[in-house]
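The structure appears right after this line, and notes come after that.
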Amino acid sequence: MSQGQKMLESAQALIRKTAESMKLGEEVINRLIEPEFVHEFAFAVMMDPKNDENTSSTQATKKFKVFKGWRIQHNSALGPYKGGIRFHPETTREEVQALATLMTIKCAVAGLPFGGAKGGVAVDPKTLSESELQRLSQEYVKKIAHLIGEDIDVPAPDVNTNSKIIAWMIDEYEKIKGSKSPATFTGKPISMGGSLGRTEATGAGGVIILKALLEKLSSKFKVQSSKLTVAVQGFGNVGYHFAKLAAEAGFKVVAVSDSKGGIIKINPKSEILTSKQILNSNDQEEKVKELKNRQFKNLLDQLGQLEIRNLLLPLDIPLIAECKKAKGTLAGCYCAGGVCDLKGGQTISNEELLELPVDILVPAALENVINEKNMKKIKAKIIVEMANGPITQEAYEYLTEKGVIIVPDVLANAGGVTVSYLEWVQNKMRYYWTEEEVNEKLERMMKRAFEVIWKKSALKKIPLKQAAFEVAIERIISALQ
Ligand code: NAD
């Protein structure tokens with residue numbers, strides 16, 4: 001089964017389970033599950049001319065490549081469809097549909113007057129030149145221009161798309177329509193009507209929710225954010241801003257990764273304890289040697305029997321970001337800030353990052369990364385789903401049963417669509433807020449969304465994810481005609 005199919009089945013199963021527990025009829029359940037429109041198309045993009053040996057430089061050959069694209073409009077009960085556009089080689093119809101379904105739930109959870117949609121193109125943008133990427137973005141817009149509009153369907157960036165790509169798209173859209181329409185896309189550059197605070201909004205919203213959760217938990221348990229360790233998978237828009245803002249908020253961000261792997265910084269002075277007794281000093285030395293010898297995988301496997309205090313040191317996130325910009329990947333950045341090999345800097349794989357002994361795990365890359373293969377090795381007590389659908393249904397059930405608190409994607413990463421909504425409002429009223437005003441509104445809206453879900457979860461003794469789906473479904477069915 002493809003990753004997209006898996007994510008779609010998880011989202012639909014959760015809607016069905018929640019709706020059935022709310023005693024909703026089959027017709028209503030179908031309206032919540034089935035997308036209103038599925039647009040699937042193919043389009044040709046002209047590739048850069050290539051001069052081969054047999055042609056003169058004036059006879060460069062023109063080549064076209066065909067790509068598959070989608071725009072899926074899932075549900076519009078609460079307002080115009082809203083959802084990002086993803087460029088990824090593994091994007092499929094099922095994946096786009098799953099993400100559109102999650103957008104319907106997310107907009108309802110966040111209390112926004114939007115329905116859910118998603119767009120995607122099956123393409124590896126890393127294999128395209130800048131002008132090929134621009135032409136691909138323009139051709140995609142030609143296919144969806146008649147489907148979108150500021151009060152119909154409002155696209156935004158997602159994985160591998162950004163404000164620059166949105167600028168190309170909106171230029172093309174306005175050319176087709178013959179008029180300005182900034183509110184038709186969000187995530188635009190500021191110069192084209194984008195909102196201040198949009199770039200960091202998803203990460204910022206996640207940190208607001210994490211802090212709100214810990215405030216609730218601190219009345220039950222003694223938790224101090226400055227003592228909590230965090231590992232973040234994915235160092236793109238969402239992962240980077242989450243890591244940076246979490247570190248600024250006082251959390252110890254001890255591991256980050258991108259598609260090529262991650263980095264940690266091992267504390268040579270960490271105390272190694274067994275569950276019963278402190279190991280004798282010789283054993284301690286051996287273990288520290290093991291750490292330095294990069295046998296990290298072995299050590300991780302032993303963590304069932306060992307308890308290690310202060311194993312990982314906090315990373316300097318802005319410095320690592322600068323290094324990634326210069327080197328292109330994180331893997332070469334374990335020396336950033338003088339944290340070189342001998343001082344404990346290490347590269348780790350993405351799988352190892354997920355299994356680290358941290359308090360809070362933040363998957364902020366792609367879907368289904370926590371699944372039946374690794375669920376038993378997850379050690380975090382809290383998982384904040386910053387990516388969409390990072391935990392499979394099976395792993396979700398296993399971890400919830402084990403008492404792991406999972407902050408669902410539809411709440412945790414709703415900061416992005418919330419500031420997209422604020423961007424849309426500013427475009428429509430042609431009046432623009434300062435960054436402080438946007439951030440203050442984001443914080444208020446995220447806290448309000450969290451509070452409703454927390455209360456539902458506590459009242460009905462159900463996990464946060466189920467509570468979020470229930471709140472969303474209540475809001476959607478109250479608007480269904
Ligand atoms: P991005 O393209 O900016 O970054 C993705 C990051 O994930 C990159 O650092 C990449 O190297 C890394 N990555 C890719 N494959 C990986 C792998 N196999 N293992 C580990 N890391 C890997 O994308 P983004 O905008 O940061 O989106 C990340 C996730 O957050 C997606 O699931 C997206 O749908 C979700 N999301 C994004 C927004 C937004 O505003 N950008 C809003 C809500 C949800």
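Whatever order the structure lists them in is the order used to number ligands and atoms, beginning at 1.
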Distance in Å, [X] [atom1] paired with [Y] [atom2], rounded so as to fall on 0.5 Å steps:
{"X": "Phe41", "Y": "Tyr140", "atom1": "CZ", "atom2": "OH", "value": "4.5 Å"}
{"X": "Asn350", "Y": "Glu355", "atom1": "CG", "atom2": "CD", "value": "11.0 Å"}
{"X": "Ile453", "Y": "Lys465", "atom1": "CD1", "atom2": "NZ", "value": "12.0 Å"}
{"X": "His39", "Y": "Trp70", "atom1": "NE2", "atom2": "CH2", "value": "14.0 Å"}

Is [X] close to ligand 1, meaning an N/O of one under 3.5 Å from an N/O of the other?
{"X": "Asn413", "result": "no"}
{"X": "Ser257", "result": "no"}
{"X": "Phe235", "result": "yes"}
{"X": "Val238", "result": "yes"}
{"X": "Gly236", "result": "yes"}
{"X": "Lys118", "result": "no"}
{"X": "Asp158", "result": "yes"}

Counting N and O atoms only, with roles assigned by atom type, does the side chain of [X] sit under 3.5 Å from a partner on the main chain of [Y], one being a donor and the other an acceptor?
{"X": "Arg86", "Y": "Val96", "result": "no"}
{"X": "Ser163", "Y": "Gly187", "result": "no"}
{"X": "Asn439", "Y": "Gly197", "result": "no"}
{"X": "Asn371", "Y": "Thr392", "result": "no"}

Residue and atom name of the nearest protein heavy atom (relative to [atom]), distance in Å to one decimal:
{"atom": "atom 2 (O) of ligand 1", "value": "Asn160 N, 3.2 Å"}
{"atom": "atom 3 (O) of ligand 1", "value": "Asn237 N, 3.0 Å"}
{"atom": "atom 29 (C) of ligand 1", "value": "Ala365 O, 3.2 Å"}
{"atom": "atom 12 (C) of ligand 1", "value": "Ser259 N, 3.8 Å"}
{"atom": "atom 35 (C) of ligand 1", "value": "Asn388 ND2, 3.7 Å"}

Output the list of atoms in ligand 1 that are nearer than 4.0 Å to some heavy atom of [X], sorted by atom number.
{"X": "Leu366", "value": "15 (N)"}
{"X": "Gln233", "value": "19 (N), 20 (C)"}
{"X": "Arg198", "value": "40 (O)"}

Nearest heavy atoms of Ile406 and Leu464, plus distance in Å: O-CB, 3.8 Å
Closest to atom 39 (C) of ligand 1 (judged by heavy-atom distance), picking from Asp258, Val419, Thr202: Thr202
Close approach, Pro157 and ligand 1, non-hydrogen under 4.0 angstrom: no
Residue-ligand contact Arg86/ligand 1, heavy atom below 4.0 Å: yes
Matching residue for Leu315 among Val254, Ile264, Val256 - test: side-chain contact (heavy atoms from CB on, under 4.5 Å): Val256
Side chain, backbone, both or neither: the part of Ala364 lying under 4.0 Å from ligand 1 by heavy atom: backbone
Residue pair Lys118 / Asn388, side-chain heavy-atom distance below 4.5 Å: yes
Residue pair Lys265, Asp316: steps toward the salt bridge (Lys or Arg N to Asp or Glu O under 4.0 Å) verdict: CA-CA 10 Å; Lys265 186 173 158 189; Asp316 184 335; over 6 Å; no
